[in-house]
There are 2 protein chains.
Amino acid sequence: MTDASNGAGTVGKALEVLDQVATFGRPARFSELLASSRFPKATLYRFIQTLTNEGMLAYDPDRQTYALGVRLVRLAHAAWEQSSLAPVARRHLEALSAEVGETVHLAQLDNAHVLYVDKVNAHTPLPMYSQAGKIGPAYCTGVGKVMLAYLEAEPLARAVAQQSFHVFTPQTLASAAELLSEIRVIRENGFGFDREEHEPGIICVALPILTPTGRLLGALSVTSSTSRTGLPALEKLAPRIREAATAISREAAQWRFPDTPSIPA
Amino acid sequence: MTDASNGAGTVGKALEVLDQVATFGRPARFSELLASSRFPKATLYRFIQTLTNEGMLAYDPDRQTYALGVRLVRLAHAAWEQSSLAPVARRHLEALSAEVGETVHLAQLDNAHVLYVDKVNAHTPLPMYSQAGKIGPAYCTGVGKVMLAYLEAEPLARAVAQQSFHVFTPQTLASAAELLSEIRVIRENGFGFDREEHEPGIICVALPILTPTGRLLGALSVTSSTSRTGLPALEKLAPRIREAATAISREAAQWRFPDTPSIPA
DNA sequence: AACCAAGTTTCATATACTGGAACAGCCGGT
DNA sequence: ACCGGCTGTTCCAGTATATGAAACTTGGTT
């Protein structure tokens, strides 16, 4: 029996190496990668060779370093367009942000962590790549907790098991028990807060984006600071956010298929 | 010796499948993928399973479709930041675009094709993901021809062999011979044009971005239309563009290493 | 010249990839 | 209800392919 939780198979291992290079954050040398790798020298070497040949890694002969390759950028473009909610959601995010005058986040679940897929800042329209792709913890962010709350029992358990429960602020939920009780509250309300659990002074309301069948697609949040507003004020925004969330869900459903018409080949 | 031109090895095949899903442009069903795949049913199935488990593909149980996964978005974020010129180049692109009042492209070579890494439009600041990641032909674009011109003999030959030489307009260079002679001209001038070779009415000047040692990093172009300006006017911009190109190259060199200091491990 | 570290190649071994074929589930038709 | 046809999933023997210790280059340092 192959252990599925572990990166089984050659492909999984190769992707592990890819992740390692990504985590490095800058072009890395072979020996640096070797130091932080669980693979023996020859094996790692072959993986890197393969990935380089495939264009997933780029080798800089001047500096003898490896970086993530351009093929990844190409794939990412396609991924962002076809798999994430961002393309359909963008105009809703913009409208919402303009209306409430705060920063709006769109997130999806990646493994057990929060992947920010898009972000619209009320006052500084930023080029989005700089914002998208970031990952964050699930147990101490508004979007994270809300998404966990709408998971099935089994995936939820697996996700909770992966939380680090690092304490960032006095408000941080520091255990699985606290998180699960918070999740129950979120399920009842239909929305969740971030009460300065991740960063002091930063608060937010978050709502899930669900399919008509109730499956989780992602989450939407409006973020602000304690100096500007409070939780009660944010709570008042919940209905408006839900509006955006359902709109996004509805459009996503249609958009996924322009309807596979019976084009006869 | 393994045939490198072919996607040898398990990893290569898996990535091939990934590309296939990407090319599809929308969430695809298993059978659709099977139809356009060179792999037998069981093999393709296992690949897709693996990639899904690894988060490179996302499965939509409602529709029974596969799309590119979120892990790719995360990787892409890192790729864009560490491997492409875009982060260091952006402010130069913006300055250049504002100054000349035209659209500026930043491109790199992916295999034998042009990968647009960033784009700054003079009049409509756009979120960049929608622009970056696009690929285009090398033989009939300004950036493409310029980048080919600064390749070594052997990679150049390989790249030229991969051009389709599809004729888009009356000006399109339709053969390797024509392309190579154009490349000689570009080498002499240090810059190249697109003379409505890809799209009627669209022209551009392009310059390479080179390391101090002369290795090719990418290319920069200013695009306009025949209705607004002409080639002579664009040619006048070449020195200004070169300025930006050298600045980008210089910054890229520093930035790649905050300097690997002699950290004694 | 001798040494050391970083990177590359080799090769016997057995792991884990392969794909034909058989199986399950789901429809629409008769 | 029964039957084909179609899509998606699982099995399993055979073998191609990945593995990693060790040997070998390469380039720089004492």
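Residue numbers start from 1 in every chain, and the chains themselves are labelled A, B, ... in the order their sequence lines are given, proteins ahead of strands. Just so it is clear, the structure is predicted and the values come from calculations on it, not from any experiment.
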Item to complete: Report yes or no: does B:S249 contribute a side-chain atom to a donor-acceptor pair with the main-chain N or O of B:I209 at less than 3.5 Å?
Response: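 Answer holds: no.
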Practice prompt. Without swapping roles, check the side chain of A:R187 against the backbone of A:A149 for a donor-acceptor pair under 3.5 Å.
Written response: yes
Does a nitrogen or oxygen in the side chain of [X] sit under 4.0 Å from OP1 or OP2 of [N]?
X: A:Y45; N: C:dG7; result: no
X: A:K13; N: D:dT19; result: yes
X: B:R29; N: D:dG8; result: yes
X: A:S31; N: C:dG7; result: yes
X: B:R46; N: C:dT18; result: yes
X: B:T10; N: D:dA18; result: yes

Which pairs, protein N/O on one side and nucleotides 23-30 of chain D N/O on the other, fall under 3.5 Å?
none

Worksheet item: What residues, two or more places apart in sequence or in another chain, satisfy ring-ring contact (aromatic ring centres under 6.0 Å, His included) together with B:Y150?
Response: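 Partners of B:Y150 under the ring-ring contact (aromatic ring centres under 6.0 Å, His included) test: none.
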Item to complete: Not counting sequence neighbours, which residues clear ring-ring contact (aromatic ring centres under 6.0 Å, His included) with A:Y45? List them please.
Response: A:F30
Rounded to whole Å, how long is the line connecting atom [atom1] of [X] with atom [atom2] of [N]?
X: A:Q49; N: D:dT19; atom1: CD; atom2: C1'; result: 16 Å
X: B:D60; N: D:dG8; atom1: CG; atom2: P; result: 13 Å
X: B:L34; N: C:dG20; atom1: CG; atom2: P; result: 12 Å
X: B:E32; N: D:dC6; atom1: CD; atom2: P; result: 16 Å
X: B:L44; N: C:dC17; atom1: CG; atom2: P; result: 15 Å
X: B:I48; N: D:dT10; atom1: CD1; atom2: P; result: 13 Å
X: B:F39; N: C:dG19; atom1: CZ; atom2: C1'; result: 12 Å
X: B:F47; N: D:dG8; atom1: CZ; atom2: P; result: 19 Å

Item to complete: Identify whether the distance between the nearest side-chain nitrogen and carboxylate oxygen of B:E154 and B:R158 falls below 4.0 Å.
Response: yes
Fill in: Salt bridge A:R74-B:D110, side-chain N to carboxylate O under 4.0 Å
yes
Fill in: Flag for A:E251-A:H92: side-chain donor and acceptor within less than 3.5 Å
yes
Worksheet item: Counting side-chain heavy atoms from CB outward, which of C:dG7, D:dT19, C:dG19 is closest to B:A42?
Response: C:dG19
